[in-house]
Every structure is written in C-alpha cells, then in structure tokens.
S.K.: 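Mind looking over this structure? Questions follow.
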Amino acid sequence: MLKKLGYSLQANKKSLSVTPSHPDRNEQFEYINAETVAANEQGCPVLSVDAKKKENIGNFKNNGTTYQAKGKPTEVLDHDFPIKELGKATPYGVYNVFRNHGFVSVGISHDTAVFAVESIRNWWYAEGIANYAGAKEILITADCGGSNGNRNRLWKYELQKLADEIEKPIRVLHYPPGTSKWNKIEHRLFSFITNNWKGIPLISTAVIVSLIGSTRTSEGLAVTCMLDDSFYEKGIKVDDDVFKSINIVPDDFHGDWNYKILPRSDPF
C-alpha cells in the first residue's frame, strides 16, 4: 500500500544546517574561485588542505567489499575498540587543485596546527620547491575550523615560521563556517582514498601509507604519501606578544577569512 501511495525506503539526508548560513557565504565562494584561478594563471600553487578523519590502526573491519574466494571473507576483530599499542592514524592532505595531485602526511600523534603546517612544509620540500621555486606566493584554501581554522592562533604562527623559512608569502582563504564539504580536497582526494582502501583492514601504518600512495583515478589523480611519526603536543598557546609579531595582512574582503602572511623580512 505504501508503494502504491508513492512511498519508498530512503536513508536520512544531511541537508539541515545546525546554524543559519552566513550572509556572505556565496560571495566568499565566488571570491575563493576568482582568487584561486588568478593565482594559478600567475604560476602560483593553489593548495586545498585538511585532515581526514582518524582511523584506528589494527585488524578492524573497514567498510566496503573486496574480492575474496567465495565463502572466505577476510577475518577481522569482532569489536572496534582502539588498540593502545597501535594507536590511531591521522592523514593530513595537501591537494594541488590545478595539478590534481595529492600529498598526504600520515600522523600518529595529535592533529594540531603544528602537524598541519609541518605537512605543508613536507609538501614544499618534497614537491613544491621543484615546481614552484619562482612562484611569488603560495595560496591555501582551508576550512574555518580544526587545526587549520581561521581563529587558530597557532596555525597562523606556524605559517609565519614557514613563510620566513621558505621566503615566500603564504595566502590563506577559508571556506565559510559549515561548508567544509565544499573544500575540494574532500571530494577530489579523500573520497578516492576511502574508495581505494574499502574492505581492507588498516593493520599498520605501512599498509595505510601504501594504500593512500597507490590511490589513482581515471581523471589523472596521483598521490604521494609519507609517514610522520613525530609527537605533536596539544594545547600550545600563542600569547598576545607573539601573535602581534605575525606579519599578517588581511584582505579587504572578510579579512577574518582571507589574509596573507608575509615573511618577516618583508615590511607591511
């Protein structure tokens, strides 16, 4: 009777916002698009960055299916409680938007701003410096929250240290609050990593690095992956005096979301 009345089985759909959309949401999207296109035309790298969700390391069930001999599925643990000795892995991605190339650092410590910027630093020395040594700046798009959030003082301070080190300005454009799923790294890199390792237990960091690094698509996506086994301390504070030392220049439009951090050798 329900089918005759036009009903069907349907899953829940995530479409309701917890908070109302920001009034400048669309204008910020337009701004990001225009600025990233202009940066690419000028030969600057355009990077989309974010941390993928943490994964328990161990012989746990991983959603999805793989081909196995009939009636002989891969056996995994019957619970998903983390194994303290193995810990968790946090893949932090740096996606080169216009080259369709991903670079992922797999961390085994805390997802902090120091870890986030270290991942960008690793990308620079592994790939960026070879392709963009002459670029006038690096442009980064990121969410408004988490380790790379626009209100995260440590994020900006660590970017300042990186800008000083590589002697290049670093420009950051943040997606408005509540719009992280539009960050290009989510659907151009992370979704394909998830698809590539579906049904395969993530039993070790070596397996995780290998599966991420082997991710490919018919559209030409390639991924480089490395393990970052450093320890990153949580709760580091940046006091007012240190924060004032950051050579940051806000954009005219929404300087809270869009700003440039200049090497401290460059005056305002």
Side-chain angles (χ1 to χ4, degrees), residues 19 22 24-25 27-28 31-32 35-36 39 44-51 54 90-94 103 105 107-126 128-129 132-133 135-180 183 185 228-268:
T19 56
H22 194 283
D24 295 332
R25 168 176 152 159
E27 194 171 355
Q28 176 67 359
Y31 188 75
I32 290 174
E35 295 300 310
T36 53
C44 299
V46 177
L47 310 175
S48 174
V49 305
D50 198 11
K54 288 187 176 182
T90 302
Y92 192 93
V94 179
F103 183 93
S105 292
I108 56 175
S109 180
H110 303 295
D111 177 21
T112 69
V114 181
F115 170 54
V117 176
E118 184 63 20
S119 299
I120 299 170
R121 178 180 283 106
N122 289 334
W123 166 82
W124 173 253
Y125 288 113
I129 194 170
Y132 300 103
K136 71 173 187 177
E137 67 181 24
I138 295 173
L139 192 150
I140 295 171
T141 63
D143 299 345
C144 258
S147 57
N148 45 233
N150 68 313
R151 294 184 179 181
N152 191 325
R153 285 188 167 199
L154 186 58
W155 160 253
K156 294 176 181 177
Y157 177 63
E158 290 298 318
L159 284 179
Q160 177 68 79
K161 293 197 292 185
L162 179 58
D164 294 344
E165 181 181 327
I166 66 176
E167 298 182 327
K168 286 188 184 297
I170 299 176
R171 191 173 181 203
V172 186
L173 309 176
H174 289 275
Y175 285 90
T179 64
S180 60
N183 192 351
I185 196 171
D228 182 348
D229 57 4
S230 300
F231 175 79
Y232 294 99
E233 182 181 347
K234 294 173 66 176
I236 297 176
K237 303 294 184 183
V238 177
D239 62 35
D240 292 343
D241 289 338
V242 173
F243 189 72
K244 288 176 183 177
S245 73
I246 299 175
N247 196 2
I248 186 168
V249 180
D251 286 13
D252 292 333
F253 176 71
H254 261 290
D256 55 334
W257 291 341
N258 311 301
Y259 49 87
K260 183 181 295 187
I261 296 177
L262 304 172
R264 279 181 279 207
S265 57
D266 289 350
F268 279 98

S.K.: At what distance, to the nearest 0.5 angstrom, does OH of Tyr157 lie from CG of Leu162?
M.R.: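 These two atoms lie 13.0 Å from each other.
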
S.K.: Using a 3.5 Å distance criterion without hydrogens, assess whether the side chain of Asp228 forms a donor-acceptor pair with backbone atoms of Phe115.
M.R.: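 Side chain of Asp228 to backbone of Phe115: no pair is present.
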
S.K.: How close do Leu262 and Gln160 get, heavy atom to heavy atom, and via which atoms?
M.R.: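 Taking Leu262 first and Gln160 second, the nearest heavy atoms are O-NE2, 2.9 Å.
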
S.K.: What are the two closest heavy atoms between Leu159 and Ile140, and how far apart are they?
M.R.: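 Shortest heavy-atom separation between Leu159 and Ile140 comes out as CD2-CD1, 4.4 Å.
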
S.K.: Could you report the tightest heavy-atom contact between His174 and Cys144, atom names first, then the distance?
M.R.: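 Smallest interatomic distance, heavy atoms only, reads CB-SG, 3.8 Å.
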
S.K.: About how many Å separate CG of Asp164 and CD1 of Ile246, when rounded to the nearest 0.5 Å?
M.R.: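 It comes to 10.0 Å.
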
S.K.: Asp240: what forms a salt bridge (charged side-chain N to carboxylate O under 4.0 Å, His left out) with it, not counting sequence neighbours?
M.R.: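 Once residues adjacent in sequence are excluded, the partners of Asp240 under the salt bridge (charged side-chain N to carboxylate O under 4.0 Å, His left out) criterion are Arg153.
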
S.K.: Checking Asn152 side chain against Asn148 main chain: does a donor-acceptor pair fall under 3.5 Å?
M.R.: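 No, because the side chain of Asn152 does not come within donor-acceptor range (under 3.5 Å) of the backbone of Asn148.
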
S.K.: Any cation-pi pair here, Lys156 with Tyr259, using under 6.0 Å and within 45°?
M.R.: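 Yes, Lys156 and Tyr259 form such a contact.
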
S.K.: Side chain of Asp143, backbone of Gly145: donor and acceptor closer than 3.5 Å?
M.R.: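 No; judged by distance alone, with no hydrogens or angles, the pair does not exist.
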
S.K.: Which distance, rounded to the nearest 0.5 Å, do you find between the OG1 of Thr179 and the CD of Gln28?
M.R.: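 Between Thr179 OG1 and Gln28 CD, I get 8.5 Å after rounding to 0.5 Å.
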
S.K.: How many angstroms lie between NZ in Lys136 and CZ in Arg171, if you round to the nearest 0.5 Å?
M.R.: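 Between atom NZ of Lys136 and atom CZ of Arg171 there are 8.5 Å.
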
S.K.: Of all heavy-atom pairs between Trp155 and Ser147, which one has the smallest distance, and what is that distance?
M.R.: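 Heavy-atom minimum between the residues: CB-O, 3.7 Å.
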
S.K.: Are Ile138 and Ile166 side-chain neighbours, meaning at least one heavy-atom pair lies under 4.5 Å?
M.R.: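 In contact.
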
S.K.: For the OG1 atom of Thr112 and the CD atom of Glu118, what is their distance to the nearest 0.5 Å?
M.R.: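 Result: 10.0 Å between the selected atoms.
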
S.K.: Judged by modelled atom types alone, do Asp251 and Tyr31 share a side-chain donor-acceptor pair under 3.5 Å?
M.R.: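 There is such a pair (donor and acceptor under 3.5 Å, judged by atom type) between the side chains of Asp251 and Tyr31.
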
S.K.: For the side chain of Lys260 and the backbone of Pro169, is there at least one donor-acceptor N/O pair under 3.5 Å apart?
M.R.: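 Not a single qualifying donor-acceptor pair exists.
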
S.K.: To check you understand the geometry: which heavy-atom pair defines the closest contact between Tyr132 and Pro45, and what is its length?
M.R.: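 Shortest heavy-atom separation between Tyr132 and Pro45 comes out as CD2-CD, 3.5 Å.
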
S.K.: List in chain and number order the residues that pass ring-ring contact (aromatic ring centres under 6.0 Å, His included) with His22, two or more places apart in sequence or in another chain; answer none if no residue qualifies.
M.R.: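 In terms of ring-ring contact (aromatic ring centres under 6.0 Å, His included), with neighbours along the sequence ignored, His22 is linked to His254, Trp257.
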
S.K.: Show the numbers, then the answer: is there a side-chain contact (heavy atoms from CB on, under 4.5 Å) between Tyr175 and Arg25?
M.R.: CA-CA 8 Å; Tyr175 285 90; Arg25 168 176 152 159; over 6 Å; no

S.K.: Does Asp24 use its side chain to pair, donor to acceptor, with the backbone of Glu27 at less than 3.5 Å?
M.R.: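 Pair absent, no side-chain N/O of Asp24 close to backbone of Glu27.
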
S.K.: State the CD1-OH distance between Ile120 and Tyr125, to the nearest 0.5 angstrom.
M.R.: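 It comes to 13.0 Å.
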
S.K.: So which heavy atom on Ala39 is nearest to which on Val46, and how close?
M.R.: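 Where Ala39 meets Val46 most closely, the heavy atoms are CB-CG2, 4.0 Å.
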
S.K.: Check whether Asn247 reaches the backbone of Pro263 with its side chain - one donor and one acceptor, N or O, closer than 3.5 Å.
M.R.: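 Between the backbone of Pro263 and the side chain of Asn247 there is a qualifying donor-acceptor contact (under 3.5 Å).
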
